[in-house]
J.: 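Structure in structure tokens, see below.
This is a predicted model, so every value here is computed, not measured. Numbering of ligands and ligand atoms starts at 1, following listing order.
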Amino acid sequence: MTAEFALRGKKVWIAGHRGMVGSAIVRRLAGEGCEVLTAARDQLDLERQQDVEEWLATHRPDAVFVAAAKVGGILANDAHPASFLYENLMIEANIIHASYRAGVQKLLFLGSSCIYPKHAPQPMPESALLEGALEPTNQWYAVAKIAGIKLCQAYRRQHGCNFISAMPTNLYGPGDNFDLQTSHVIPALLRKAHLAKTEGSDSLAVWGSGTPRREFLYVEDLADACVHLIKVYSGEEHINIGTGTDLTIHDLALSVARTVGFEGSIKFDPSKPDGTPRKLLDVRKLDSLGWRATTPLDDGLARTYAWYREHASKDDSETTGAA
Ligand code: GDP
């Protein structure tokens with residue numbers, strides 16, 4: 001057993017601190033006694049190698065959380081393959097290589113459960129990675145994220161860097177993207193249910209058949225797991241982060257309707273894709289490392305809806321169009 005990596009007194013850089021995940025990690029680090037470093041977008045372009053190298057050489061963090069990525073839902077991935085592949089490759093390669101050069105002691109890279117094979121055994125163990133063909137709609141993002149995990153392993157093997165990877169399941173929470181064309185399912189359904197309720201519409205449009213199963217992790221829980229892993233884990237294999245339970249999109253839509261107080265019916269739209277039939281992580285490794293999710297879905301949905309009402313619902317004077 002290696003000694004715990006203490007964060008107290010360390011300089012910790014959160015790349016992607018404005019995103020849903022990065023901002024949750026920043027909030028979670030508040031009580032850890034470390035110095036949190038962040039770089040504004042106009043100060044540092046993560047897609048530019050020289051900028052990233054200069055930033056790391058100047059600021060010399062002890063630890064790095066790689067929470068920067070181009071993310072999006074099922075339609076966004078399908079519509080922008082080049083952006084999802086190129087931007088994610090550049091961001092992670094630049095940060096990981098420059099962290100090695102700057103002598104970063106510990107780095108946590110975040111993958112995503114959607115990069116496992118489309119027909120992986122369920123729940124998906126860490127060993128399922130690269131054992132089968134990817135889901136075609138998000139293969140571009142998946143290939144880039146798999147490269148990020150491999151970069152951490154490669155720098156560990158060749159240069160002895162203590163770089164680790166974690167594989168979060170589908171995330172949701174404050175700071176999520178509520179754009180109906182590019183968002184994931186939870187923010188999309190919260191917003192659609194809210195609009196249906198406020199506009200007096202009697203149905204909620206849900207993409208696909210409603211039968212796919214998904215696992216959802218509240219982002220504050222994810223941040224807590226990331227901080228736990230950076231302290232206690234120093235292995236080559238990525239670690240799944242999830243709740244260990246899933247539900248159908250239909251059941252999710254019912255929970256969202258309850259959260260929002262929408263009392264109309266749910267209408268499925270089979271012209272939209274279902275994506276992977278099921279996505280549930282095997283979280284036994286994480287469990288054995290001493291961490292478990294604590295936020296029930298209904299609580300997380302209520303807190304996310306409250307955030308949306310406070311921050312994002314102002315944009316909703318526009319129409320929701322074809323989504
Ligand atoms: P995925 O987990 O990578 O497939 O990403 P998403 O969160 O975009 O989609 C999860 C599931 O929810 C898919 O089966 C979608 O078809 C379904 N879904 C139902 N309604 C919506 C919606 O309004 N937006 C999105 N993004 N997905 C939806």
J.: Could you go through residues 33-48 and list every donor-acceptor pair under 3.5 Å that involves a side-chain atom there, pairing it with any protein atom two or more places apart or in another chain?
T.:
| from | atom 1 | to | atom 2 | distance (Å) |
| --- | --- | --- | --- | --- |
| Q43 | OE1 | A40 | N | 3.0 |
| D45 | OD1 | E47 | N | 3.0 |

J.: If you measure from each non-hydrogen atom of A205 to ligand 1, which part falls under 4.0 Å: side chain, backbone, both or neither?
T.: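 Neither; no heavy atom under 4.0 Å.
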J.: Indicate the ring-plane relationship of Y155 and H97, choosing parallel, tilted or perpendicular according to the 30° and 60° boundaries.
T.: perpendicular
J.: Check ligand 1 against K192 and write out every atom of the ligand that is under 4.0 Å from a heavy-atom position of the residue.
T.: 22 (C), 23 (O)
J.: Based purely on interatomic distance, does T276 place a nitrogen or oxygen under 3.5 Å from a nitrogen or oxygen of ligand 1?
T.: no
J.: What about the rings of F268 and H250, do their centers lie closer together than 6.0 Å?
T.: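 Yes - the distance between ring centres of F268 and H250 falls below the 6.0 Å cut-off.
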J.: Among H184, Q181, H250, which one puts a heavy atom closest to atom 5 (O) of ligand 1?
T.: H184
J.: Return yes if a side-chain donor-acceptor contact under 3.5 Å exists between T137 and D78, otherwise no.
T.: no
J.: Under a 4.0 angstrom heavy-atom cut-off, which atoms of ligand 1 come close to I249?
T.: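 In order of numbering, the contacting atoms are 11 (C), 12 (O), 19 (C).
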J.: Does ligand 1 have a heavy atom under 4.0 Å from the side chain of K272, from its backbone, from both, or from neither?
T.: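 Neither part.
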J.: Between G208, P212, P273, which one has a non-hydrogen atom sitting closest to atom 15 (C) of ligand 1?
T.: P273
J.: What part of R214, side chain, backbone, both or neither, has a heavy atom within less than 4.0 angstrom of ligand 1?
T.: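 R214 to ligand 1: side-chain contact only, backbone stays beyond 4.0 Å.
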J.: Are any of the side-chain nitrogens in D246 or R278 under 4.0 Å away from the carboxylate oxygens of its partner?
T.: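 Yes, charged N to carboxylate O under 4.0 Å.
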J.: For ligand 1, is A188 a contact, meaning one of its heavy atoms is under 4.0 Å away?
T.: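 Flag set, A188 near ligand 1.
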J.: Taking only residues two or more places apart in sequence, or in another chain, which ones meet Y305 in a ring-ring contact (aromatic ring centres under 6.0 Å, His included)?
T.: H194
J.: Classify the ring geometry between Y141 and F84 as parallel (under 30°), tilted (30 to 60°) or perpendicular (over 60°).
T.: perpendicular
J.: Any carboxylate oxygen within less than 4.0 angstrom of a Lys/Arg side-chain nitrogen, looking at K10 and E32?
T.: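 Not counted as a salt bridge, because no side-chain N and carboxylate O are separated by less than 4.0 Å.
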J.: Just jot down the ligand 1 atoms closer than 4.0 angstrom to any heavy atom of V206, in number order.
T.: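 Every atom of ligand 1 under 4.0 Å from some heavy atom of V206: 19 (C), 20 (N).
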J.: Does a salt bridge link D269 with K272, judged by any charged N lying under 4.0 Å from a carboxylate O?
T.: yes
J.: Is C114 touching ligand 1 with its side chain, its backbone, both, or neither, if touching means heavy atoms under 4.0 Å apart?
T.: neither
J.: Counting each atom of ligand 1 from 1 as listed, which ones have a heavy atom of K279 under 4.0 Å away?
T.: 1 (P), 2 (O), 3 (O)
J.: Side chain, backbone, both or neither: which part of N170 has a heavy atom under 4.0 Å from ligand 1?
T.: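 N170 to ligand 1: side-chain contact only, backbone stays beyond 4.0 Å.
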